[in-house]
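For reference, the structure discussed in these notes is given below.
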Number of protein chains: 2
Amino acid sequence: MLPVMTTVQDPTPLQELALPEVADHRRRRDPEARPQQILDAAFHEFADRGLAGARLDDIAKRAGVAKGTIYLYFPNKEALFREMVRGTLIAAIETAEQTRDETASDSAEMQLRQISVNWWRFLRADRFQVVQRMVLGELHHFPDLMQFYADEVVARGRRLIGAVIARGTARGEFRVIEPDAAARMLSALTMMHSIWCSRRQCFPALANASDDDVRNELLDFYLHALRPDHTVVSVGLSSVERHDL
Amino acid sequence: MLPVMTTVQDPTPLQELALPEVADHRRRRDPEARPQQILDAAFHEFADRGLAGARLDDIAKRAGVAKGTIYLYFPNKEALFREMVRGTLIAAIETAEQTRDETASDSAEMQLRQISVNWWRFLRADRFQVVQRMVLGELHHFPDLMQFYADEVVARGRRLIGAVIARGTARGEFRVIEPDAAARMLSALTMMHSIWCSRRQCFPALANASDDDVRNELLDFYLHALRPDHTVVSVGLSSVERHDL
DNA sequence: AGGTAAACTGACTGGTCAGTCATTAACTCG
DNA sequence: CGAGTTAATGACTGACCAGTCAGTTTACCT
């Protein structure tokens with residue numbers, strides 16, 4: 001009765017063929033795998049349309065699944081978003097912690113440089129950029145997710161860096177500085193630059209620099225701020241007026 | 001015919017009375033003022049709901065105007081958003097430039113401190129925070145607006161700071177450093193911290209610090225990174241291994 | 001084979017909301 | 001005052017889409 005009764009093997013896989021990851025899961029039973037398939041699809045849709053803009057139909061289509069199936073695994077769109085973010089962040093954390101375990105190195109400066117290589121790689125990955133955009137743009141509607149992000153990503157990363165700073169100070173490599181504040185400064189520099197690097201067209205200064213260039217520039221600047229303050233001891237070369245602190 | 005024919009003086013100004021700025025413009029002729037009234041209302045609605053979340057009906061209600069009236073002045077919701085952002089940013093730029101003109105001061109450090117007081121105040125104002133959130137979260141859907149933001153806010157601010165840095169280097173106050181890069185570092189530090197300060201609940205370290213505390217902490221750190229590098233000249237006090245650059 | 005449960009489907013519903021337009025109010029000027 | 005013009009209104013339309021559920025398919029058992 002209906003105009004076109006689309007059967008299972010209908011001959012209209014137009015866009016589907018263009019998209020890389022649309023496997024045909026139809027009627028293939030593998031319920032264990034379903035949530036992750038859906039979350040992966042959701043990641044991409046949320047990535048380029050945001051929470052409000054993403055359509056469940058599109059997520060379903062991308063996952064190779066019917067819309068109803070999504071509701072077998074997630075109570076609603078918001079929960080799907082929540083789990084997608086949480087899942088992505090957890091992957092990110094694990095990357096970061098693996099990084100830490102790999103650096104039982106020598107000097108604090110060296111350790112910082114080593115950590116920042118991996119940390120930067122992580123910040124610059126698509127996966128993180130997408131979450132970052134959502135965190136900044138939409139996550140204030142989800143206070144608990146925001147808190148989760150603050151605790152499990154920001155604070156954890158900061159603790160990691162803070163420990164290295166403290167060690168560097170103790171060894172006399174770095175000046176005396178509150179480790180938490182110092183870690184925050186590094187976060188700020190890298191976070192913001194990772195965002196700007198994703199919008200290179202807009203920022204001529206970054207357009208010609210590679211990711212690695214930017215990271216080095218960042219770290220050189222940062223390490224300068226951490227160097228012990230010799231000015232009091234050293235020869236009075238510069239006659240700069242010293243204002244208050 | 002209709003159930004409740006809401007006349008002009010109907011007795012249900014429930015929320016209206018609570019809201020501060022809902023004047024009754026109905027039928028009062030002042031077409032010159034209309035666009036700005038609407039943009040102001042739009043600012044508030046976009047602020048707490050984002051582009052997708054804001055409802056034209058609510059904007060109209062807040063502006064004390066009927067929905068149709070909005071369409072007399074703006075072709076659609078997107079254009080309204082566009083103009084709202086552009087208008088807000090222009091106001092921001094004017095604030096920043098007024099700041100620059102006020103500082104014909106002495107040392108570069110002093111000038112930097114002075115500029116950063118006003119710059120920080122501007123970054124921390126609601127008006128900017130809202131735009132910032134949208135820029136980071138939704139503006140990638142509007143490449144031309146993004147470009148406008150990059151050129152007229154980011155680049156302009158950077159040029160301003162860059163000039164001060166260059167002057168400081170010339171005077172021997174600061175070490176030799178690429179002014180543009182140095183300006184970018186300051187932007188990164190302040191931008192990111194301004195965001196974090198708006199989410200204080202999430203960041204224990206900032207929870208107990210006032211805006212001014214944060215600004216000072218930031219600037220002290222930053223100026224440290226700009227100090228001339230005396231280590232080569234000075235007494236070899238610290239036996240830190242010097243790795244590559 | 002036949003039966004049953006679990007997995008999955010997609011047409012449908014109901015609510016929401018951007019954008020329209022016929023109508024009305026206010027103002028102007030002859 | 002009343003004819004004409006401009007400003008403003010808000011009920012309505014049509015599209016869109018989250019979420020539902022009656023029905024279908026598959027897997028797995030006797």
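Lettering follows sequence order; numbering is per chain, from 1. Side chains included, hydrogens not; waters and symmetry mates left out as well; all remaining heavy atoms used.
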Other residues, nucleotides, ligands: >12 heavy atoms within 6.0 Å of B:Asp151 CG: yes
Over 12 foreign heavy atoms within 6.0 Å of CG, A:Asp126: no
Side chain of [X], heavy atoms from C-beta onward: which of [options] has the nearest atom to it?
X       : options               : answer
A:Leu72 : C:dG19, D:dA18, C:dT9 : C:dT9
A:Tyr73 : C:dA7, D:dA11, C:dG10 : C:dA7
B:Tyr71 : C:dT9, C:dA18, D:dT9  : C:dA18
B:Asn76 : D:dG19, C:dT9, C:dG19 : C:dG19
B:Lys77 : C:dA18, C:dC8, D:dT9  : C:dA18

Within this structure, what is the [atom1]-to-[atom2] distance between [X] and [N], rounded to whole angstrom?
X       : N      : atom1 : atom2 : answer
B:Lys61 : C:dA18 : NZ    : P     : 13 Å
A:Lys67 : C:dA11 : NZ    : C1'   : 10 Å
B:Ile70 : D:dA7  : CD1   : C1'   : 15 Å
B:Phe74 : C:dT20 : CZ    : P     : 15 Å

Is any NZ, NE, NH1 or NH2 atom of the basic residue among B:Arg200 and B:Asp211 found under 4.0 Å from an Asp or Glu carboxylate oxygen of the other? yes
Pick the closest DNA chain D nucleotide for B:Thr69 and for A:Glu78 by heavy atoms, then say which residue is nearer the 5' end. B:Thr69
Between B:Ser116 and B:Arg215, is there a side-chain heavy-atom distance shorter than 4.5 Å? yes
Here the residues of residues 49-60 of chain B within 4.0 Å heavy-atom distance, strictly under, of DNA chain C are B:Ala54, B:Arg55, B:Leu56
For residues 81-101 of chain A, which residue pairs pass the ring-ring contact (aromatic ring centres under 6.0 Å, His included) check, not counting sequence neighbours? A:Phe46-A:Phe81, A:Phe81-A:Phe142
To the nearest 0.5 Å, what is the distance between CG (B:Leu189) and OH (B:Tyr222)? 8.0 Å
